[in-house]
Protein chains: 2
Amino acid sequence: MRRPTIADIARRAGVSSAAVSFALNGRPGVSEPTRQRILAAADALGWQPNTAARALSAQRAGAVGLVVARPARTLGVEPFFMQLISGIQAALSERANALLLHLVEDVEAEIGLYRRWWAERRVDGVLLVDPRTADPRPAALRALGMPALLAGGPDPAGILPGVWIDDARAMTRIVTHLRGLGHERIGHVSGPSGLLHTERRSAAFRAATRTSAGSRTGPAAVTTDFSDTEGARATRSLLSSPERPTAIVYDNDVMAVAGMSVARQSGLAVPTDVSIVAWEDSTLCRVTHPTLTTLSRDASGFGATAAERLLALIDGEPPGDVEFSVPELTIRESTAPPPA
Amino acid sequence: MRRPTIADIARRAGVSSAAVSFALNGRPGVSEPTRQRILAAADALGWQPNTAARALSAQRAGAVGLVVARPARTLGVEPFFMQLISGIQAALSERANALLLHLVEDVEAEIGLYRRWWAERRVDGVLLVDPRTADPRPAALRALGMPALLAGGPDPAGILPGVWIDDARAMTRIVTHLRGLGHERIGHVSGPSGLLHTERRSAAFRAATRTSAGSRTGPAAVTTDFSDTEGARATRSLLSSPERPTAIVYDNDVMAVAGMSVARQSGLAVPTDVSIVAWEDSTLCRVTHPTLTTLSRDASGFGATAAERLLALIDGEPPGDVEFSVPELTIRESTAPPPA
DNA sequence: CTGTTAGCGCCTTCAC
DNA sequence: GTGAAGGCGCTAACAG
């Protein structure tokens, strides 16, 4: 049996298909009794709009895209992503939009995909994640004329509107906590320098650890590729420096765990000899001993906000940046006062 | 500037739009020189087919759906999922299909979404994951007449075709390895009993640990919800049982890590006093000390195979089950001969 | 207030 | 070989 169409409803209700369309979309043009009759008929038939037809007619795909240019391996370990997606969908579902997810190798492939999606009218807009310094994507998207929103930072190029979490204040919050415990030499194991949020955190770290006299109170920060291997290497480097830190802040959870192992192997106890803070809460941070003090973000809410903003953008509303809430610090067992 | 249409190409090449359609789809009806002229024109214009129009005309959405009914929290920690998605897309992209991903609360919501997607013609078919015992989904999908494929097991109801990884042989492989090291009392910390793959693993575990005399050689297996908390609890229970095992097999990585901590707190060394095997390799398994011996599956290849089968099903090819490769055992530091 | 009509962009039968 | 015409299902002008 064929799926019911508007024509079927029209026939059943004894009206024209235009009347049905009006009634279904709740707009003026039909009398109330007729509208009721039409709705009843549609309901009886179990009618649902055909996405393709609607998209063709409305010039709107009813879908937005999310492309991720990261190795799947890295993603799997980040609870942040799934939460983000979950939030994005909560917002999209409310407005009957779908999410197209695609994983690619690099930014070039990502741009290629945007080009294709836009030419095919497969999506109405896209959500960009992982903004980078010297990011080619905003300009490419502008050239395409494709609605897009940067989830993860304000666009330094000033091209795309963005939604972001305040990394700087989050970092300040962490450093304040450590300072409050009495730490003076704090280390930072950051992510790759090409990522914008990494840069923001590092800048904030430098600012927060600068003493009133103007000199820094800890060893230099170390950059990594976010992997456990580099997290371990960075930790070794910090712990063997002349100004050995009494606390270390890691830019993700995996590196924090790896770093904790290194500290222990070096004969240092956590948190007695060295305190550890991880950026991003996850199961991983709760199964270790000691459990980790972490920075917890509302990834889901962040995703929802980003999706809503994108939808508004697609609807032609004026673009605008939105700064999302500051993450909370969840204090667990890995942070304590420094050794006397 | 408007996006180019077939009519534009036709005008530019000086032919009818039907000729363009024939040329573009590589079917007879146009002379070779004309075809070339048309292709050149299309290329010059940067034409790409409009998905909505094509979908409407072809009665085919060019997209498949993947609904996941699990808390986002749980997913994030499973590298398996992202790898799976990555593989699915590799296969879909080749045939210009898109993937719609959606996370829901439970199986009822999942079925509701299938119903809507199908009524809206939003997707051409779906990939089901996490098959359960007494799973309502296959019957629901059959009632809808929606193409669907079970990724993760043969359908016990015999309704949907499936693609799966041989959990039984994988488990046998693990037990054989432990037996080879000399272990006789082996424990199993499994996932929730409602999941089919959990059931298969447990059954295989019971079969493999049964001695020739017919009695089992270890304590009873313990079921969990896959969380670190229950993994820890299960480990405590096993280690305090009268027949304390010298080796424990965990159904995921998070529980294995939690279990290792518990063992250590109980004063047992890993692997000297107790060996540990995790199901599913992940970063997590490599940042611990000792590093974990794990069962590594080709999630990406598995996803690609599943997607290909689904596409074939949508094309009307006869359904058929496919058993995917048996996972490899990656031997690391957490397994060793039992204490004498 | 209602109904007729003409597209949205693509594909495909059917005459030429 | 090629062109004209109609339909996929829905929406939006435009008359009635």
Inter-residue atom distance Arg11(A).CZ - Leu45(A).CG, 0.5 Å rounding: 9.5 Å
Interatomic spacing from CD1 in Ile88(A) to OG1 in Thr305(A) - rounded to 0.5 Å: 10.5 Å
Is the distance from OP1 or OP2 of [N] to the nearest side-chain N or O of [X] less than 4.0 Å?
| X | N | answer |
| --- | --- | --- |
| Thr34(A) | dC1(C) | no |
| Ser17(B) | dG3(D) | no |
| Asn25(B) | dC11(C) | yes |

Looking only at the side chain of [X] (C-beta and beyond, no hydrogens), which of the listed nucleotides [options] gets closest?
| X | options | result |
| --- | --- | --- |
| Val30(B) | dG9(D), dG3(D), dT2(D) | dT2(D) |
| Ser21(B) | dC8(C), dC10(D), dT12(C) | dT12(C) |
| Gln59(A) | dC8(C), dG3(D), dC8(D) | dC8(C) |
| Ser57(B) | dT11(D), dC1(C), dG9(C) | dG9(C) |
| Ser16(A) | dG9(D), dT4(C), dC8(C) | dT4(C) |
| Ala53(B) | dC10(C), dT2(C), dG3(C) | dC10(C) |

Specify the separation, in whole Å, of atom [atom1] of [X] and atom [atom2] of [N].
| X | N | atom1 | atom2 | result |
| --- | --- | --- | --- | --- |
| Arg122(A) | dC10(C) | CZ | C1' | 15 Å |
| Arg121(A) | dC8(C) | CZ | P | 14 Å |
| Arg60(B) | dC10(C) | CZ | P | 18 Å |
| Leu56(B) | dG6(D) | CG | P | 18 Å |
| Leu24(B) | dC10(C) | CG | P | 9 Å |
| Ile38(B) | dG3(D) | CD1 | C1' | 12 Å |
| Asn50(A) | dC8(C) | CG | C1' | 13 Å |

Does NZ or CZ of [X] lie under 6.0 Å from the centre of the six-membered ring of [Y], at an angle within 45° of the ring axis?
| X | Y | result |
| --- | --- | --- |
| Arg12(B) | Trp47(B) | no |
| Arg297(B) | Phe80(B) | yes |
| Arg115(B) | Trp117(B) | no |

Inter-axis angle, terminal five-pair segments of the helix from dC1(C)-dG16(D) to dC16(C)-dG1(D) [nearest 10°]: 50°
Side-chain heavy atoms of His102(A) within contact of Val104(A), under 4.5 Å: yes
Touch class at under 4.0 angstrom, heavy-atom based, for Ala19(B) against every strand present: nothing
Sugar-phosphate, base or nothing in reach of Ile6(A), heavy atoms under 4.0 Å: sugar-phosphate
Contact nearer the 5' end of DNA chain C, comparing Phe22(A) with Arg54(B): Phe22(A)
Glu32(B), CD atom: more than 12 neighbouring heavy atoms under 6.0 Å: yes
Glu108(B) CD: over 12 foreign heavy atoms closer than 6.0 Å: yes
